[in-house]
Chemist: 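Handing you a structure now.
Letters A, B, ... mirror the listed sequences (proteins, then strands); counts begin at 1.
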2 protein chains.
Amino acid sequence: MKADALRGHLDPMILAVVEHEPLHGYAIMEALQERSGGAVDLPTGTLYPALRRLERAGYLASEWSTVSGRKRRTYQLTSAGQKMLADGRGEWETFRTVIEGVLRPRTS
Amino acid sequence: MKADALRGHLDPMILAVVEHEPLHGYAIMEALQERSGGAVDLPTGTLYPALRRLERAGYLASEWSTVSGRKRRTYQLTSAGQKMLADGRGEWETFRTVIEGVLRPRTS
DNA sequence: AGTGGATAGGTAGAACGGCTACATGTAGCA
DNA sequence: TGCTACATGTAGCCGTTCTACCTATCCACT
């Protein structure tokens, strides 16, 4: 599945995977793959800019570390990010209801 | 709700409202509003180009008519459009499952 | 020792599609 | 006469994701 289809929903998805544990970019990519059963396979050119955007917006905070020679930038949810995530979940419910109301086949 | 969030889902929604009866652009706009409980309020600058795009792609066919002095371009679903709509409904189910799998809060 | 794949982070520039803002015109009502 | 609803459309902007590319380390296999 193209992340293009996720447009507007990618942000809360990213926030959701770092909700309980801080993760670095690559791990976020893998977590998304795993949670989606392989359907979400973000190119790095999508994920990394998105993470920076979310950090600039104040929803994520990052920290550099080096693990066995590899640089890692680990992201964690800020309190603003938690709020954003909660909002995102609510908006998803609305969105889903709206789409299904329109898409549902009418026998009449 | 911004149509921006609908990105990638707008096409099947438009096809869905003309599934059983051909409608002209303005009526499609109103039908979307009604079916979505007012949430979907497409600006004309979104709808009309989308209709032309769908026609170019072969999913809709249009016909001019004049009703009480007003020009109307009435769109109806082609057989390719019917298939596209069916596909779109299937993709929506996949999409929904994927998003919810990622967004769902984890207690662990 | 060398190669290739997985891990890890990143950028530049293009494409896409929905956006705002504008343009045009008719019908009906106050 | 002017306002609102009806009706169709275009131009150009903007944000997000895209493809394609770059760097670098670690590990397994040859």
Side-chain angles (χ1 to χ4, degrees), chain A residues 1-15 18 22-34 36 38-57 59-60 62-75 88 95 98-99, chain B residues 1-15 17-18 22-34 36 39-57 59-60 62-75 88 95 98-99:
Chain A
M1 173 180 299
K2 293 294 190 158
D4 215 2
L6 307 175
R7 212 171 251 261
H9 307 284
L10 192 54
D11 290 5
M13 288 170 80
I14 291 173
L15 298 182
V18 294
L23 292 173
H24 61 282
Y26 199 86
I28 291 172
M29 220 172 63
E30 289 180 314
L32 281 170
Q33 265 179 43
E34 193 224 310
S36 66
V40 177
D41 188 14
L42 293 185
T44 64
T46 296
L47 180 63
Y48 291 117
L51 289 171
R52 294 175 146 267
R53 183 166 44 78
L54 289 168
E55 185 172 22
R56 268 202 314 280
Y59 302 132
L60 291 177
S62 74
E63 202 176 287
W64 277 105
S65 61
T66 302
V67 176
S68 57
R70 289 197 184 93
K71 286 187 307 176
R72 286 180 174 177
R73 184 184 280 218
T74 303
Y75 290 90
F95 179 78
V98 166
I99 300 284
Chain B
M1 172 182 300
K2 291 295 187 159
D4 216 2
L6 307 176
R7 210 172 252 259
H9 307 284
L10 191 55
D11 290 4
M13 288 171 80
I14 291 173
L15 298 181
V17 299
V18 294
L23 293 173
H24 61 284
Y26 198 87
I28 291 172
M29 218 172 64
E30 290 180 312
L32 281 169
Q33 266 178 44
E34 195 224 310
S36 67
V40 177
D41 188 13
L42 294 185
T44 66
T46 295
L47 180 62
Y48 289 114
L51 288 172
R52 294 176 144 267
R53 183 167 42 79
L54 288 168
E55 185 173 20
R56 267 201 314 279
Y59 303 133
L60 291 177
S62 74
E63 203 176 286
W64 278 104
S65 61
T66 302
V67 176
S68 57
R70 290 196 183 93
K71 286 188 306 175
R72 285 179 174 177
R73 183 185 283 223
T74 302
Y75 291 90
F95 179 79
V98 166
I99 300 283

Chemist: Could you tell me whether the side chains of B:E55 and B:S62 share a donor-acceptor contact shorter than 3.5 Å?
Modeler: yes
Chemist: Taking CG from A:L23 and P from C:dA8, how many angstroms apart are they, rounded to a whole number?
Modeler: 11 Å
Chemist: Which part of the nucleic acid does A:G45 contact within heavy-atom distance under 4.0 Å: base, sugar-phosphate only, or nothing?
Modeler: base
Chemist: If you check the B:R72 side chain, which of C:dC19, C:dT11, D:dT8 turns out closest?
Modeler: D:dT8
Chemist: Give, ordered by number, those residues of residues 5-13 of chain A having at least one heavy-atom distance below 4.0 Å to an atom of DNA chain C; if nothing qualifies, reply none.
Modeler: none
Chemist: Without swapping roles, check the side chain of A:S36 against the backbone of A:A39 for a donor-acceptor pair under 3.5 Å.
Modeler: yes
Chemist: What is the distance from CD1 of B:I28 to C1' of D:dT8, rounded to the nearest Å?
Modeler: 12 Å
Chemist: In this structure, how many angstroms lie between the P atom of C:dA8 and the CZ atom of A:R73, rounded?
Modeler: 15 Å
Chemist: To the nearest Å, how far apart are B:L47 CG and C:dG17 P?
Modeler: 15 Å
Chemist: Across the strands shown, which category fits B:R70 at heavy-atom distances under 4.0 angstrom: base, sugar-phosphate, nothing?
Modeler: base
Chemist: By nearest heavy atom, map B:G69 and A:R52 onto DNA chain C; which one lands nearer the 5' end?
Modeler: A:R52
Chemist: In whole Å, I'd like the distance from the CG atom of B:L42 to the P atom of D:dG9.
Modeler: 15 Å
Chemist: Counting the atoms with a prime plus P, OP1 and OP2 as sugar-phosphate, which does A:T46 contact under 4.0 Å by heavy atoms, base, sugar-phosphate, or nothing?
Modeler: base
Chemist: Could you go step by step and tell me if B:V98 and A:M1 meet the side-chain contact (heavy atoms from CB on, under 4.5 Å) rule?
Modeler: CA-CA 9 Å; B:V98 166; A:M1 173 180 299; 4.1 Å; yes
Chemist: Under 4.0 Å between a Lys/Arg side-chain N and an Asp/Glu carboxylate O for A:D4 and B:R7?
Modeler: no
Chemist: Let me know the distance between CZ of B:R53 and C1' of D:dG9, rounded to the nearest Å.
Modeler: 16 Å
Chemist: Round to the nearest Å and state the distance from B:Q33 atom CD to D:dC6 atom P.
Modeler: 10 Å
Chemist: Would the base of C:dG9 count as contacting A:T44 through its side chain, where contact means a donor and an acceptor less than 3.5 Å apart?
Modeler: no
Chemist: Could you tell me the separation between the NE2 atom of B:H24 and the C1' atom of D:dG9, rounded to a whole number of Å?
Modeler: 14 Å
Chemist: Does A:M1 or B:E30 map to a spot on DNA chain D nearer the 5' end, using the closest nucleotide for each?
Modeler: B:E30
Chemist: Evaluate the criterion side-chain contact (heavy atoms from CB on, under 4.5 Å) for residue pair B:V40 and B:Q33; output intermediate values, then yes/no.
Modeler: CA-CA 5 Å; B:V40 177; B:Q33 266 178 44; 5.9 Å; no
Chemist: Can you see if the side chain of B:Y48 gets near the phosphate of D:dT8 - specifically, an N or O under 4.0 Å from OP1 or OP2?
Modeler: yes
Chemist: Before you tell me yes or no, could you show the steps for A:F95 and B:L6 under side-chain contact (heavy atoms from CB on, under 4.5 Å), namely the whole-Å CA-CA distance, both residues' side-chain angles and the distance that decides it to 0.1 Å?
Modeler: CA-CA 8 Å; A:F95 179 78; B:L6 307 176; 3.5 Å; yes
Chemist: So, do A:L15 and A:Y59 sit near enough that their side-chain heavy atoms are less than 4.5 Å apart?
Modeler: yes
